Structures are given as structure tokens and as C-alpha cells.
Amino acid sequence: MFKRMITESRIKSPWLLHYDCGSCNGCDIEVLACLTPVYDIERFGIVNVGNPMHADILLVTGTVNHRNKKVLVNLYDQMPHPKVVVAIGSCGLSGGIFREAYNVVGGVDKVIPVDVYVPGCPAKPEAIIDGVVIGLQKFHEKM
Amino acid sequence: MVTNEWNIVIVEELVFVLIVLPFLAAICSYLIRSGAVRSFIVLATGSLMAASALLLIPRVPFAFSPKALFGVGVHDIILAADFFLLFLILYFGFKHHSLVIKILALFQIVLMAYLEFFLIRDDAAFLTIYCDNLTLIMVLIISIVGSIICVQAIPYMKNYEEHLDLKKSRQHRFFFVMILFLGAMNGLVLSNDMVFFYFFFEVTTLCSFLLIAHDGTETAIKNAVRALWMNSLGGAAFIVALVLIYKEMGALDMQRIVHTSPAAGLCLLALALLCFAAFTKAAQFPFQGWLLGAMVAPTPVSALLHSSTMVKVGVYLVLRLAPAMNGTFLSQCVALFGGFTFLAAAALAVGQSNGKKVLAYSTISNLGLIFACAGLNIPEAITAAILLVIFHAVIKALLFLCVGTIEQHIESRDIEDMRGLYAQMPLTALTTVMGVIMMIMPPFGVLLGKWMAMEAAARNLYVIIMIALGSALTVMYWARWAGTLMSDPFAGRFRPERQPLLTWAALASLCAGGGVLSIAAPWLYSRMIIPALNGNYVPPYTVHVGILENSFGVFPVLPLCLVAALGFVISIWAVRRAARARIIAPYLSGLQTAEPGVFRGPMNRLVKAEARNYYLSSIFGEERLTTWINLGAAVLLTLLVGGAL
Amino acid sequence: MINTCALILAGLVAAPLAGGLVNGLDRILTARFQARVGPPVVQPFYDVVKLLGKEKTVVNVWQAFCAYCYLAATAISVVLFFLQSDLLLILFIQAVGAVFLVIGALSSTSPYSQVGAQRELLQILSYEPLLVLVTVGIYLETGSFKIGQVYAWDEPLLLKLPFLFVVLGYALTIKLRKSPFDLSTSHHGHQELVKGLLTDYSGPFLALTEIGHWFEVVLILGLCSLFWATSWIGMIIIVATTYFLEIVIDNVSARMNWRWMLGYVWAMGLTLSVVNLVWLYVR
Ligand code: SF4
């Protein structure tokens, strides 16, 4: 029963960490748009905590490069289990238009395991919220 | 009071052990320059004194007049020694070219001669040694805590001298003064004759001078000279008070003074001067300089000066005189002055990153609180004062010994350098944190005392405001220190560091003592403190299954201790479980590296993340506050003495 | 005896539940102020249960110890409040909790935790004396520090201690870490201090600090209720109004720095307390 309560709570209270790997800021703005009264993601208990120690879901926007891949791994490591990673935008998915650049590693999944991919350039706020909701379903599997 | 002849004999023997034996032991340890013998003497004297103090418990109150010591009249010995002492101080005045000391010493010699040869006639006979429960509490503190400090000094000094690389050991001199000090303190609290009291008062002055000057460096001498003149000022005030009292009452009988109220003709000015003397001894503002300067001496000296001896002379004297001051303007002034000192010293402590200075200011601050209580002069306040005296002695000794041990290890006394000390010296760090916790948290004794003090001060607007502000500042500087000691990086497993056995013994006994006494506080209150009120005050609290209660307040000591113990056990269990948890690096914006506290900065360079404590020196810095505080204290002192005129 | 046990139980179980609900309401109201809908009222419980179920990760074990001590101290202070014990003692015990939280944060090398902890100390420094003075005012009026006797007083304290109630308001705002006094940590983490004091507490240990905070909320509202203790309705109205005002202040003000806080709160708090206390003294 406790287990069910906890899973239920996890789904009801996803705390986000938003990390900008090297985005053009297009996707970032869309992420932040979710916090505005128009979308009001706090309705779903979602809080942008800005701190890996407290977060359940890691939203990554932008291309991973050699400089920031360590940071990404560090942040991921600091999150307590269970955790879900959502990659946002073409850049987060595959490197996007920066893919061929000399300093670029590629998509987020080159460095850390990704659970949900949200495409778009930039991804729409609705799509991002959708991605988070799909990510929440993963908590059922991650028990 | 004591009916039994046999009992008197025992009591006289015990008092002999408490006062004279240390003097003899001190001389022995000076003459016999062998480390082993000296250690033995210190240990033996310490345990004998502690044992005698404990044996005194069932025998109080008592009073007697020792007739002769080794065939010579006691009064004559004291008199001769007193003049010898004053001339010695005069000599030091010449040696160190201090005009103030010369003048003060000469002044005291003249007045002493006037008092002894022209005023005092032998017709007023009274008992010269008197011991009630208040005295007993002091004797216990001096003999037990003082002895523990001396014992800890054995390994400490050995280490200290090895470190300094001295060619000739000076330890014989050091222990000579230390043991002498304890004897003088016992003598002081046990004397009923004010002339005796004065003599011992001067002995403690001289002892502190010698101890502070121990290292012989320039600063040491300078600070020692400052201590000497400040305390001589107190001595001078004391002797003037004696002359005044004798002219007024025709006897220098402490008990008679205590039981004569100013209304009944006691000279108020004399009382004010005695308070003044007490303030100099207790290093209250503006005389804080000597206690701060005393840091230059080896740490056991600071521990001794701050906890069980010297500064406690001041509070003992005022507590002793409190019944006589009851209801006077003087008493209110003392309360105000004490409250002011409590606040001001706490503020200065906040601005300090030097661990020993924080301890010094905290001593001054706590003594201020005790004075405030004595000045409030209601039963609750006096109870609080006595409790604070006991607990402050134990815990301050513990903290000083801890800092001394830490200082020998890391060669710094700066709080910032103690960051992450747990990794290096886990047990000492834990003990220090324990000391801090006992200083600021209920259900431990200091907080119990503070609680009583606050409730007693609630009817005095100025005092309660100062105490309220001061105690918040107190929390700030202690909490900051405890947090710094326990900060990362943590060593993997708990492995106590190596220290000499005697050091552990001293630390453990003081730490355990603080804890046990806190639990036993209700018992302490009904068994020791109520009798120590001597019927001058109505016992303020009722004790019921370990709960202290009066008409307007309640402090469930024993239940709280139980709950705290339970909470502690649970927390320890939690720690053991948490030890299995995944250890993650502190948050450094994701830039952390494998090395703790280091992040990857620009150009891939490794940078150490540094955060220092807030010392708020722009507000609470010494340079900024000291002048104003001294000024304020001087105004209050003038009020105190002037109001008594 | 049974009564005592019931009270202790109430303190341990009902109090955090109430605190959590108040927190939920707070979040909804705040959302409404910002033209949002906000989370469900039981959201704080979801958060805490979730945190309790997360993996245990710590920066060091000492921090775990501190989290437990914080929770224990706040719980004890609330239980003592329910047992109608001594006001001053309760203040001391809640201070223990606050101090442990700070010590735990100081044990991390992260500058965010460190600075947050230092600021929290400054917050303690700001509100502690005020709370003491408020209790002193209550004592001067009712002649007792015991809560039982304060509740039994037959006149609302607010009429005699209006300024001290304002002072209590200052202390509450700081204690609840509401703007403009949310220096050490705030409800929203993505700021210059991250989560300040709480940055390095994670998972179950963060949950403990959250529950401890609920206890604190209840204690604080309990203190408010002392000011209109003659009737239940008065008590509820005063508590509700105060908390509502807190939320309004939180929403309309921006964060200030510690210098301003210390200077302003001490100056205002002390002046108001002194004026009010002098009234009581001269009476
Ligand atoms: S996906 Fe498009 S909008 Fe998003 S970061 Fe990349 S380039 Fe910018």
C-alpha cells in the first residue's frame, strides 16, 4: 500500500530541474512559458526547483558539447533515484542544427540515459508538458 | 553550628587540605624538578582536593577560627604575607616600569598599614572561616574543575614545551602557580574575615599575572602587566571598601556585612566599591582587556582563568553581597550593568573569527548575565545565577581544553581553520560540538539558568531587552562555530584520533559532568541551591518529578532530558542508517569534480569553492564597537558608584 | 493522564497534518494572486510522501543527524504547546531546531548551503529577540508564561498588546521565510541562492525538514491564537487573518538583503515592543 501511495505521489509531484546544455534559448523560453499563468504547470504539482538534489525530472534543452557534458553527468548523478530525463528540441534529441560543429557531442542520450524525447524546434509548451506527463508514467516502471 | 567536637576536627582537616595543602604542593612541585614527580604531585593534590571538597558536602554549614598554623598565628601569617605580596606587586611595577601599578601598589600598602595598625583592634572577635552552601558550590567547582584542568595541563605542557623547543623547562614554575591558584581560590571563598579575603584576592591577581607572563615574550609581558594593573585597581577599590566598612561597623566580618542592610547603616559606597572590584576581576567592560590578553598564555591557563577561578571571584563576591544590596539603587545598577555587558560582549563575540576570543567574550558575556541576575536580586534570579556559575565553569573549561587540544594539532585558533576538523580529529570535534550544544540548547544547564534569568528579568524592561538581544547573538556565534567544526569533508569511518590518556580523561569527565549535572539539575536545585540561598530568599521553585515550577513558569527538566535522550538515540540510529546511503557531492552548479569542494572553472582549471562565515565585522567588529561599549560601561559604572555616594 | 496522552498525540499527528493543509492553502492562494489555478490543497502531502520514498542520498551523515534533530525539536515544541507548557521554554526549543537546520547546512561545502545557513542565522538573530519580547509582554499582562493561564485570561490580549502583535507579525514573516524576508531559502528554487539553506538536503531528509516546517507553522499560528483566546471564533479569525496577511505581504513584496532586515526589524520591532511594554509597566 505504501508503495502505491509513493508511486501515486511521485506522479502527483514531479519536481523539475531544467538544464540548458547549449541551446539557442528558443527551447528554454518555451520551458519557462510553461510556468506562466497560461499553462500553470503547478496545477499538476510541478515545481521548477533548479536543484538536482531535489529534482525528479531532468529537462535538458540544447546540444551537448564537450564542455558541458561533464556538467550534465554531474547533475544527473546528484539526483536521487528514481529519476526521469526528458530531452527537449531537435538539439537535445540529436544535436539539431549544431550537430556537425567541431565541439558537439550530439544528443543528450550520448551522455545519460533519456526516457522521453520531445521534438520540435523549438518544442511547444504543450509538447513539453506532454513529455513530462509521459515521463511520469515511467515512474510506474521504475519502481 | 556544628555541635560535634569530632566533626570540627574533620572539617578543619578538610579545610587544611583545601587551602594549605595546595600551597605546600605548589612549593614541592617548584623545588623538585622531575617531570614524573611533578605529575604525581599534581594528580595527588588534585584528587585530594576533589575528595575533600566532596567530603565537605554533608558537613556544611560550619564556621571556625583556625588559631595557628605551624605554631604561628594565622592572622599574623596572612598579614605578613599580604605585605609581602603588595611589595612584590610594587616590585613588578618597578621591573616593568608601570607607573599605574606602582601607584596602586603603594596606595594599597599605605591603606593596608593604616587599616591594620591604626584601625583594627582585636576586640571584635568573629569566626574567620565560614562555609555555607554557596561557598561549598564554589569549593566544589574550584577543586574539581580546577583539578581537572591542572591534570590536563600535564600532557599539554609537555607537548607545548617540546613544540617551543625550550632548553630549560619552565614547567616547575607553571605548575607552582597553577596549584597555588587553586589553593588561593579555596581560601578566598572560605574566608569570612575580609582581610583574609583581601589577601587571597591579591594572590589570585598575582597568580594570573605570573601565568599570563609565563611565556616571557613581549606580548605576554605586556598583557600580564595590563592584567596586573587592572586587577590592582580592583584591589585598591577593595581596600578602600574595607576601610569604609571598618569605620562603619567596627568589624570586617563578611557575614555581618551580608546581614546588615544599607538601611541599617551599612555604607553603600563600600558595597559599590566591592562590586567595582568584582567587575575588574570578572573582566567586565571596560576591563575586558586583561582577559582578552590572557589568551597569550598556554591554554590551561585560559581554561583556569575563565572557568573555575579568577573571574568567578567577581561573581562570587557579588552573589555573596547580594542580600545586603537587596532593594537598593546599587542593586538595580548592577543588574543594568550586567545586562549591558551580556549584550555588548555577545555582540563583540559575533564579530570574531578567533576561537579563543569568541570564548573570552562569551565568558565576559555570561558573567554579565550572572551579574544581572545578582542585581535583579529576586529568588529566581539568584537561583539562575548560581546555576549559571556551576554550568558555565564546567562547560567553559571543557571548551577551552578542546580548543587547546585543537590548537596544538592544527596550529591555529581561527575558526575558519577549523573547517572540516571532524575529518582530522573526530572525537575532539565532537566533544567541542557537544560543549557548544550544552552552551545553547535546552535541556542543558546553561539554558535552564538562562530561562530562569529571563523569566526573572521580565519585570525589568531594560534588562530583559538586553538579555533578549544578547541571547540571540549568543546563539549566532555558537551555532556558526559548531557548524564549521562539523563541515565536510568527512572521513569515511569514525576513527578517534590519538591523544594522551590524561587529555581524554579530562575532556570526557568535563563533558560527562556537564551532561549528568544537567539531568540532575532538579536535584542540584533542591539539594544544593536552596540551602545556598541561606534563607535570605524564599526558594522560588517547587520540584515535582524533575519538573521545576513556580507560579508563572515551568521547566520540565527530567522529562525533557528523557525526550532529548530518546531523540538523540533515534538520530544516532538515523546516522548509522544514513551511513549506508549514497554519498553525493554538495551542489556546485554541476561543475564539481571528484575532489571535494573543488569545481572546474574557466579554462578547465580547478578552483576551490570557498565560503566563509559571516562575521559582520562592519557591524560587530572590535574596532567599531569597543570604544562605544567601554564608554557605555564607564557611564554605567559611574552611575553605580556615584549613585551610592 | 489520558488527557495528556491525547494532547501529545494531537501534537504529533494532528499538528503536522494541519500544517501541511495550511501550506497547501497557502500555495493555492498564492497561485490565485498570480492569476493561476494552483495545485490541489493536499499537494504538500504528495510532495512529502514522494520525497520519503526517494533514494537516500546525503552529502554527509551529519546532515542526516541534523535533519532528525530539527524535526524532533520542532515536534517537541509543538507538543509542549499543546500541553500548555512554558512559552519561553517553547521558544528555546524551537530555536534548537532552527540551529540544527543551520548546522546541517553548514556541514556542506557548497557555497549555496553556506550562505543560506549564514543568512538563516541572521534571520534567527532578527526574530528571536522579538519573540522573547512578545512573550514578556504576554507575561506582563497575564502574569504568567504558562500557556494554560494565558488561554484562561478573560480579556483578549490583542487589545492590550496591539503593537506586540505587529511585532509578532514581523517575527512570523521571518520565521516562515516569506518575502521580503525569504533570505535563507525561498519557495522557488531557481534563484541566486538555489535553495539556500536547504540546497543539500535531499530525498527523505528534505521531507523531514518539510514536516518540521509544518510543525513550525502550527506553532506560529498557535502563538497568534494567544492574542484572542477568549473565544474559538476570535481565535480562528485572528489566525486566519494573520496568515492571509502573511500571504499578501509575501506576494506584494520583493526580497530584501540582510542588512535591511536586521536594521529594519530590530529598529521597528524594538520600538514597537518598548512602547507597548512601557504601557504595561506604567499601568
Ligand atoms: S531545438 Fe531549435 S529552438 Fe531548441 S535549442 Fe535547438 S535550435 Fe534552439
Side-chain angles (χ1 to χ4, degrees), chain B residues 420 422 433 440-442 447 450-451 454-455 458-459 461 464-465 467-469 471-473 475-476 479-480 482-484 486-490 551-556 560 563 567 570-572 574-575 577-588 596-597 609-614 616 619, chain C residues 55-62 64-65 67-69 72-73 76 85-86 88-89 92-93 95-96 99 102-115 117-118 121-122 124-125 128-129 132-133 136 139-140 143-146 149 194 199-200 202 205 262 266 270 273-274 277-278 281:
Chain B
Y422 182 78
V433 171
I440 52 172
M441 287 184 190
L447 232 282
K450 203 175 263 179
W451 170 79
M454 280 193 180
E455 300 212 331
R459 294 228 166 258
L461 182 61
I464 187 65
I465 288 180
I467 294 182
L469 292 176
S471 59
L473 289 165
V475 169
M476 169 142 186
R480 190 173 68 190
T484 311
M486 299 306 284
S487 105
D488 260 351
F490 263 45
S551 64
F552 53 85
V554 51
F555 197 117
L560 266 186
V563 174
I570 293 177
S571 303
I572 292 289
V575 167
R577 284 199 27 181
R580 289 203 299 272
R582 183 159 67 100
I583 302 286
I584 48 173
Y587 182 61
L588 278 176
E610 267 185 82
R612 286 170 53 96
N613 289 332
Y614 285 13
L616 315 185
I619 304 177
Chain C
E55 181 200 13
K56 276 203 189 69
T57 54
V58 284
V59 174
N60 58 51
V61 287
W62 177 242
F65 178 83
Y68 273 92
C69 285
I76 294 172
S85 188
D86 190 286
L88 208 51
L89 177 63
F92 284 153
I93 293 178
V96 171
V99 167
V102 168
I103 296 181
L106 280 176
S107 74
S108 155
T109 45
S110 163
Y112 304 104
S113 285
Q114 294 272 339
V115 176
Q118 303 290 338
L121 277 177
L122 286 165
I124 296 175
L125 182 59
E128 273 286 313
V132 170
L133 291 180
V136 167
Y139 162 71
L140 287 177
S144 179
F145 283 101
K146 293 184 209 162
Q149 291 182 27
V194 190
T199 302
D200 286 321
S202 59
F205 304 108
L262 201 60
W266 273 26
L270 286 183
S273 321
V274 168
L277 288 176
V278 166
Y281 275 106

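All chains are named by letter (A, B, ...) in the order of the sequence lines, taking the proteins before the strands, and each is independently numbered beginning at 1. This is a predicted model, so every value here is computed, not measured.
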Seminar exercise, completed: On a heavy-atom basis, the closest approach of B/M476 and B/Y614 is CE-O, 4.4 Å
Exercise. Among B/V563, B/I619, B/V475, B/L473, which residue forms the greatest number of heavy-atom pairs with chain C at distances under 4.5 Å?
Worked result: B/L473
Seminar exercise, completed: Okay, B/R459 and chain C: the region with an atom under 4.5 Å from a heavy atom over there is both
For this session: With the side chain counted from C-beta on, respond yes when B/P442 and B/F555 share a heavy-atom pair under 4.5 Å apart, and no when they do not.
Result: yes
For this session: Find the one option among B/A574, B/A609, B/G567 whose heavy-atom pairs under 4.5 Å with chain C are most numerous.
Result: B/A574
Problem set entry | For chain B, the option from C/L125, C/L122, C/V99 that forms the most heavy-atom pairs under 4.5 Å | C/L125
Exercise. Counting heavy-atom pairs under 4.5 Å to chain B, which of C/V59, C/L106, C/D86, C/D200 comes out on top?
Worked result: C/D86
For this session: Name the option with the most non-hydrogen atom pairs under 4.5 Å to chain B; the candidates are C/W266, C/Y281, C/F205.
Result: C/Y281
Exercise. Which heavy atom in B/P586 sits nearest to a heavy atom in C/T109, and how many Å separate them?
Worked result: CG-OG1, 3.3 Å
Exercise. Do the non-hydrogen side-chain atoms of C/L133 and C/L270 ever get within less than 4.5 Å of each other?
Worked result: yes
For this session: Among B/A482, B/S571, B/A581, single out the residue with the greatest number of heavy-atom pairs under 4.5 Å to chain C.
Result: B/S571
Exercise. Looking at C/V136, C/L262, C/V278, C/L277, which has the largest count of heavy-atom pairs under 4.5 Å with chain B?
Worked result: C/V136
For this session: Against chain C, work out which of B/L560, B/T484, B/I467, B/V433 has the most heavy-atom pairs shorter than 4.5 Å and name it.
Result: B/L560
Problem set entry | B/E455 versus B/G553, closest heavy-atom pair with distance | OE1-CA, 3.4 Å
Problem set entry | B/W451 side chain near C/F92 side chain, heavy-atom distance below 4.5 Å | yes
Exercise. Between C/K146, C/Q114, C/Q149, C/E55, which residue shows the highest count of heavy-atom pairs closer than 4.5 Å to chain B?
Worked result: C/K146
Seminar exercise, completed: If one checks every heavy atom of C/F65 against chain B at 4.5 Å, the contacting part turns out to be both
Problem set entry | For chain C, the option from B/I440, B/I465, B/V554 that forms the most heavy-atom pairs under 4.5 Å | B/V554
Seminar exercise, completed: Note: vs chain C, highest number of non-hydrogen pairs under 4.5 angstrom among B/I570, B/I464, B/N613, B/I572 is B/N613
For this session: Return the option, out of C/A64, C/S202, C/P111, with the maximum number of heavy-atom pairs under 4.5 Å with chain B.
Result: C/P111
Problem set entry | Student check: side-chain heavy atoms of B/R612 and C/Q118 closer than 4.5 Å | no
Exercise. With a 4.5 Å heavy-atom cut-off, do B/I584 and C/V58 have their side chains touching?
Worked result: no
Exercise. Backbone N or O of C/G104 within a donor-acceptor pair of the C/S107 side chain at under 3.5 Å?
Worked result: yes
Problem set entry | Side chain, backbone, both or neither of C/T57 within contact of chain B (heavy atoms, under 4.5 Å) | both
For this session: Measure the CG-CD distance between C/L121 and C/E128 for me, rounded to the nearest 0.5 Å.
Result: 11.0 Å
Exercise. Does any heavy atom of chain C fall under 4.5 Å from the side chain of B/S471, the backbone, both, or neither of them?
Worked result: neither
